[in-house]
Amino acid sequence: MTTAGPLRALTSGSALEVAPALLGAVLSHTTPEGTVSVRLTEVEAYLGVGEDPGSHAHRGPTPRTSPMFGPPGHLYAYFSYGMHVCVNVVCSPVGTASAVLLRAGEVVAGLELARLRRGERVPDRDLARGPARLTVALGIALDQSGDDLAEPPFDLLLPERPLASAAGPRTGVSGVGGGAAYPWRFVLPGETTVSPYRRSPRAVD
DNA sequence: GCTGCGATTGACT
DNA sequence: GTCAATCGCAGCT
């Protein structure tokens, strides 16, 4: 494991390079209640303007998506379906707007606090399985969008060398072919905390 | 100004 | 397996 420093250099590349490198990384978030750490087991890459119709940045910056156009290594959080918050790591030079969506992970520290946030009856492996669940387990709020992941209350530890990963179709993306047209979902093979694949309800064949 | 829809989840049949 | 909940944003009138 290294500190978040190298993240700065790492995130100057394309989301397609950064996404697999983030697998196995441990993201920590500290609040007055305590610290929760999640080891990332599943991520998804999103590119910028004109490159990726599934990306929020596809049509250019808006107040919501502006953090995606900001410096790399920062957080982009957005509100979805009227009730869920999902988090991305911005990983492109200023103005490029590519990012990596954190889809699932394994809670490796702060288990009790994560259980408190997610509910006592939730199995441990489900605590951070799914993008909105991961956000809740970490206690990240919408107003933290744009914050620097290399600064407190955050910490991001990267694996010393990239782990073996597998690529697959993106989930939850509508349009022709659904997410299958963009195989930019990366997982750690064999992990039990990888979220079940679900095609977008509106995907078109 | 108004309408439709989404990078989802959890509850229910 | 199916379905409702819920709201900000993009696109259109």
Side-chain angles (χ1 to χ4, degrees), chain A residues 14-16 18-20 22-23 27 38 40-70 74-92 96-105 107 114-146 149 167-187 192-205:
Chain A
S14 154
L16 293 177
V18 176
L22 282 174
L23 290 173
L27 175 63
V38 169
L40 304 177
T41 58
E42 179 178 356
V43 299
E44 231 167 66
Y46 285 86
L47 301 192
V49 180
E51 299 176 290
D52 179 2
S55 170
H56 287 173
H58 179 231
R59 294 177 226 282
T62 68
R64 177 178 65 151
T65 62
S66 64
M68 274 184 92
F69 292 80
H74 285 225
L75 190 67
Y76 164 53
Y78 69 92
F79 193 61
S80 179
Y81 288 90
M83 58 184 75
H84 299 300
V85 179
C86 303
V87 293
N88 299 246
V89 176
V90 178
C91 64
S92 57
T96 309
S98 76
V100 177
L101 169 69
L102 309 183
R103 288 198 56 84
V107 176
R115 288 194 194 111
L116 194 65
R117 287 172 174 152
R118 292 275 296 115
E120 296 293 335
R121 274 164 291 191
V122 176
D124 285 357
R125 59 180 296 214
D126 284 351
L127 286 174
R129 183 164 70 145
R133 295 163 168 181
L134 182 145
T135 305
V136 171
L138 280 171
I140 295 175
L142 201 54
D143 62 13
Q144 290 174 291
S145 187
L149 286 171
R170 273 193 321 203
T171 64
V173 178
S174 60
V176 175
Y182 302 90
W184 299 338
R185 170 177 176 253
F186 300 89
V187 304
T192 57
T193 51
V194 171
S195 63
Y197 173 69
R198 274 201 285 188
R199 212 170 172 218
S200 167
R202 309 190 72 79
V204 177
D205 288 316

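All chains are named by letter (A, B, ...) in the order of the sequence lines, taking the proteins before the strands, and each is independently numbered beginning at 1. Not measured: the values here are computed from a predicted model.
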Inset, instruction - Hey, which sits more toward the 5' end of DNA chain B by its nearest nucleotide, A:Arg118 or A:Gly82? - result: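 Closest to the 5' end, via its nearest nucleotide, is A:Gly82.
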Just call it for [X]: base, sugar-phosphate, or nothing, with non-hydrogen atoms closer than 4.0 Å on any strand.
| X | result |
| --- | --- |
| A:Arg121 | nothing |
| A:Gly54 | base |
| A:Arg170 | nothing |

Inset, instruction - Under the side chain to side chain contact (heavy atoms under 4.5 Å, CB included) rule, what do A:Val87 and A:Leu75 come out as? Steps first, then yes or no, please. - result: CA-CA 7 Å; A:Val87 293; A:Leu75 190 67; 4.0 Å; yes
Inset, instruction - Working to the nearest 0.5 Å, report the span between CG of A:Leu142 and OG of A:Ser80. - result: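 One finds 11.0 Å between CG of A:Leu142 and OG of A:Ser80.
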Go through [options] for me and flag the one nearest to the [X] side chain.
| X | options | result |
| --- | --- | --- |
| A:Ala132 | B:dA7, B:dG10, B:dT8 | B:dT8 |
| A:Met83 | C:dA5, B:dT9, B:dA7 | C:dA5 |
| A:Arg59 | C:dA10, C:dA5, B:dG10 | C:dA10 |
| A:Tyr46 | B:dT8, C:dG11, B:dA7 | B:dA7 |
| A:Tyr81 | B:dA7, B:dT8, B:dG10 | B:dT8 |
| A:Phe79 | C:dC9, C:dC7, B:dA7 | C:dC7 |
| A:Arg133 | B:dG10, C:dA5, B:dT8 | B:dG10 |

Inset, instruction - Could you measure between the two C1' atoms, the one in B:dG10 and the one in C:dG8, and give it in whole Å? - result: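 B:dG10 and C:dG8 have their C1' atoms separated by 22 Å.
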Measure [atom1]/[X] against [atom2]/[N] and give the value in whole Å, please.
| X | N | atom1 | atom2 | result |
| --- | --- | --- | --- | --- |
| A:Leu134 | B:dT8 | CG | P | 13 Å |
| A:Arg117 | B:dT9 | CZ | P | 17 Å |
| A:Arg129 | B:dT9 | CZ | P | 10 Å |
| A:Arg64 | C:dG11 | CZ | C1' | 14 Å |
| A:Asp126 | B:dA11 | CG | C1' | 15 Å |
| A:His84 | B:dG10 | NE2 | P | 7 Å |
| A:Tyr78 | C:dT6 | OH | P | 19 Å |
| A:Arg103 | B:dT9 | CZ | C1' | 12 Å |

Inset, instruction - Sort out the partner of B:dT9 for me: Watson-Crick or G-U wobble, both distances under 3.5 Å, none otherwise. - result: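 C:dA4 - that is the nucleotide pairing with B:dT9, both distances being under 3.5 Å.
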Inset, instruction - Report yes or no: is the cationic atom of A:Arg170 (NZ for Lys, CZ for Arg) closer than 6.0 Å to the six-membered ring centre of A:Tyr46, at no more than 45° off its axis? - result: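 Yes, a cation-pi geometry.
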Inset, instruction - Would you indicate whether the side-chain heavy atoms of A:Thr65 and A:Tyr76 approach each other to under 4.5 Å? - result: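 A side-chain contact exists here, since the closest heavy-atom pair is under 4.5 Å.
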Inset, instruction - Check whether any side-chain heavy atom of A:Leu101 sits under 4.5 Å from a side-chain heavy atom of A:His56, and report yes or no. - result: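 No - every pair of side-chain heavy atoms lies 4.5 Å or more apart.
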Inset, instruction - Give a yes or no on whether the backbone of A:Ala114 and the side-chain of A:Arg118 come within a donor-acceptor separation of less than 3.5 Å. - result: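 Checked: no pair found.
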Inset, instruction - Give a yes/no on whether any side-chain N or O of A:Thr62 is located under 4.0 angstrom from OP1 or OP2 of C:dA10. - result: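 True: A:Thr62 side-chain N/O within range (under 4.0 Å) of C:dA10 OP1/OP2.
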